[in-house]
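Below you'll find the structure, written out as structure tokens, and then a few comments.
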Number of protein chains: 2
Amino acid sequence: MADLQRFRDMLAAYMAKKGLRSTKQRDAIVDAFFVQPDHVSIEELLARVRERDAAIGYATVYRTLKLLTESGVADEHRFGDGLARYELADEEAHHDHLICVECAKITEFEAPDIERLQDEVAKRFGFVTRFHKHEIYGVCPDCQKKTKPRR
Amino acid sequence: MADLQRFRDMLAAYMAKKGLRSTKQRDAIVDAFFVQPDHVSIEELLARVRERDAAIGYATVYRTLKLLTESGVADEHRFGDGLARYELADEEAHHDHLICVECAKITEFEAPDIERLQDEVAKRFGFVTRFHKHEIYGVCPDCQKKTKPRR
DNA sequence: CTCATTGCAAATAATTTGCATGTAA
DNA sequence: TTACATGCAAATTATTTGCAATGAG
């Protein structure tokens with residue numbers, strides 16, 4: 001688990017710079033995100049947040065996640081199921097994803113050697129890298145067992 | 001440029017197997033795709049196709065591109081601008097993408113060493129890979145010149 | 001007090017689908 | 001002839017936005 005305080009500070013700084021205000025809705029959403037900032041969708045997060053305050057509207061969740069993304073606290077991902085998912089923008093421990101095409105489970109992996117080769121590719125083309133996506137779609141071990149049981 | 005005939009055969013086989021018919025609209029769309037099968041969007045393809053037959057509806061383009069995708073002739077990509085783009089599903093010459101965040105230009109790259117490391121990652125997690133996405137987002141050489149001119 | 005924020009509903013944008021009509025095979 | 005295909009418009013889905021009411025600083 002990353003250093004959450006660092007992210008809270010990052011968000012506070014961004015909000016101060018932009019003259020944004022903190023509200024109970026925002027706090028509830030941000031807290032809910034920090035509880036388990038791992039590939040949550042808006043809908044999942046909204047459900048979590050409504051346990052604390054049932055009146056929070058989904059537009060507020062969209063707006064707050066956009067705020068988290070702009071402030072550099074969260075990264076937005078799209079894994080092919082048509083909706084955005086968010087996770088902590090943890091550069092220190094950068095990882096990429098394996099996505100199961102059967103059960104949609106997401107597994108993280110780190111591969112510094114791939115990152116290095118990737119930097120070389122960017123350099124070869126004269127690109128200044130901002131970010132990247134590396135996603136491997138396939139069938140996870142669990143689903144391999146389910147899909148082709150010996151019979 | 002890949003062996004287009006191979007892809008035409010692949011499509012014909014798929015259509016035969018499914019009992020699908022060839023129509024002048026489908027032919028026009030497929031031909032237009034084959035002319036330049038490089039990251040076209042539905043809208044771009046529709047424009048191209050309408051030069052030949054102005055009456056073709058956009059639903060037909062959607063349906064035909066889905067057909068191309070299902071038959072293994074085309075791959076669908078989403079590069080973050082909110083719409084689907086299609087390219088030839090050329091496994092022999094597999095490549096990934098560099099996307100300029102300024103001008104949205106897409107550059108292809110091949111990196112067999114990355115692919116190999118990626119296979120190792122999948123194996124390490126017991127995944128059976130179906131396909132992958134590796135996209136590097138950054139600023140291309142042209143836009144670097146535009147964005148920060150010496151002044 | 002002032003201006004950002006919220007919740008709601010309506011607006012978008014990309015894509016999909018129902019259906020009457022057209023048309024391959 | 002017998003389904004499959006098409007074009008249109010309406011439906012869907014995820015997300016965004018206008019606006020009046022609310023609330024933070």
Side-chain angles (χ1 to χ4, degrees), chain A residues 11-33 39-71 74-86 104, chain B residues 11-33 39-71 74-86 104:
Chain A
L11 177 60
Y14 182 84
M15 290 178 67
K17 188 179 66 184
K18 295 271 184 173
L20 306 180
R21 294 166 184 178
S22 95
T23 64
K24 69 180 204 299
Q25 292 90 331
R26 251 175 211 172
D27 292 345
I29 295 165
V30 170
D31 287 350
F33 176 69
H39 324 119
V40 260
S41 66
I42 295 288
E43 197 165 300
E44 289 164 358
L45 199 54
L46 179 61
R48 242 186 248 170
V49 164
R50 282 195 168 157
E51 292 172 14
R52 194 205 281 194
D53 179 347
I56 289 181
Y58 69 112
T60 304
V61 181
Y62 273 102
R63 288 188 271 232
T64 303
L65 269 290
K66 171 172 282 184
L67 169 59
L68 288 174
T69 304
E70 286 168 356
S71 62
D75 276 340
E76 187 181 295
H77 285 274
R78 285 174 180 278
F79 294 120
D81 54 357
L83 43 81
R85 292 180 175 279
Y86 299 83
Chain B
L11 177 61
Y14 182 84
M15 291 178 66
K17 189 178 65 184
K18 295 270 185 174
L20 306 179
R21 294 167 184 176
S22 95
T23 66
K24 69 179 203 301
Q25 291 92 332
R26 253 176 209 171
D27 293 346
I29 295 166
V30 171
D31 288 350
F33 175 69
H39 325 121
V40 260
S41 65
I42 296 286
E43 198 164 300
E44 289 164 358
L45 199 55
L46 179 61
R48 238 186 251 171
V49 163
R50 281 194 169 158
E51 292 172 14
R52 196 206 280 195
D53 179 347
I56 288 181
Y58 70 112
T60 304
V61 181
Y62 273 101
R63 286 188 272 233
T64 303
L65 268 291
K66 172 172 282 186
L67 170 59
L68 288 174
T69 304
E70 286 169 355
S71 62
D75 276 341
E76 187 181 294
H77 286 275
R78 285 175 180 277
F79 295 120
D81 54 358
L83 42 80
R85 293 181 174 277
Y86 299 84

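Just so we're on the same page: letters track the sequence lines, and every chain starts at 1. It should be emphasised that the depicted structure is a prediction, and the values quoted were computed from it without experimental measurement.
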Legend entry - Validation row: Arg85(B), Glu44(B) side chains within 4.5 angstrom (heavy atoms):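 Arg85(B) reaches Glu44(B) side chain to side chain.
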Legend entry - Side-chain heavy atoms of Lys18(A) within contact of Leu67(A), under 4.5 Å: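 Contact flag for Lys18(A)/Leu67(A) side chains = no.
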Inset, instruction - Identify whether any heavy atom of Arg26(B) sits under 4.0 Å from a base atom; if not, whether one sits that close to sugar-phosphate; answer base, sugar-phosphate or nothing. - result: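 Sugar-phosphate, backbone atoms only, no base.
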Legend entry - Atom pair distance, as rounded to whole Å: CG in Leu83(B) and P in dT12(C):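 After rounding, the gap between these two atoms is 19 Å.
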Legend entry - More than 12 heavy atoms from other groups under 6.0 Å of CD on Glu70(A):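 Counting neighbours around CD of Glu70(A), more than 12 heavy atoms of other residues, nucleotides or ligands fall under 6.0 Å, so yes.
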Inset, instruction - Give the nucleotide from the list dG7(C), dT23(C), dT5(C) with an atom nearest to the side chain of Ile56(A). - result: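 Of all the options, the side chain of Ile56(A) is nearest to dG7(C).
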Inset, instruction - Using the heavy-atom set of chain A and a strict 4.0 Å cut-off, write down the first and last nucleotide of DNA chain D that makes it in, 5' to 3'. - result: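 Nucleotide range in contact with chain A: dA14(D) to dG25(D).
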Inset, instruction - Tell me which of Met15(A) and Tyr58(B) sits closer to the 5' end of DNA chain C, going by the nucleotide each one is nearest to. - result: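 Counting from the 5' end, the first nearest nucleotide belongs to Met15(A).
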Inset, instruction - Find which nucleotide of DNA chain C each of Arg21(B) and Ala84(B) is nearest to by heavy atoms, and output the residue with the more 5' nucleotide. - result: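 Per heavy-atom nearest nucleotide, the more 5' residue is Ala84(B).
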Legend entry - Phosphate OP1/OP2 of dG7(C): any Thr60(A) side-chain N/O under 4.0 Å: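 Yes, such a contact exists.
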Inset, instruction - Quick one: sort the Tyr58(B) and Tyr62(B) rings into parallel, tilted or perpendicular, breaks at 30° and 60°. - result: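 Answer is perpendicular, since the angle exceeds 60°.
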Inset, instruction - Specify the closest pair of heavy atoms between Leu68(B) and Val30(B), including all atoms of both residues, with the distance to one decimal. - result: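 It is CD2-CG2, 4.2 Å.
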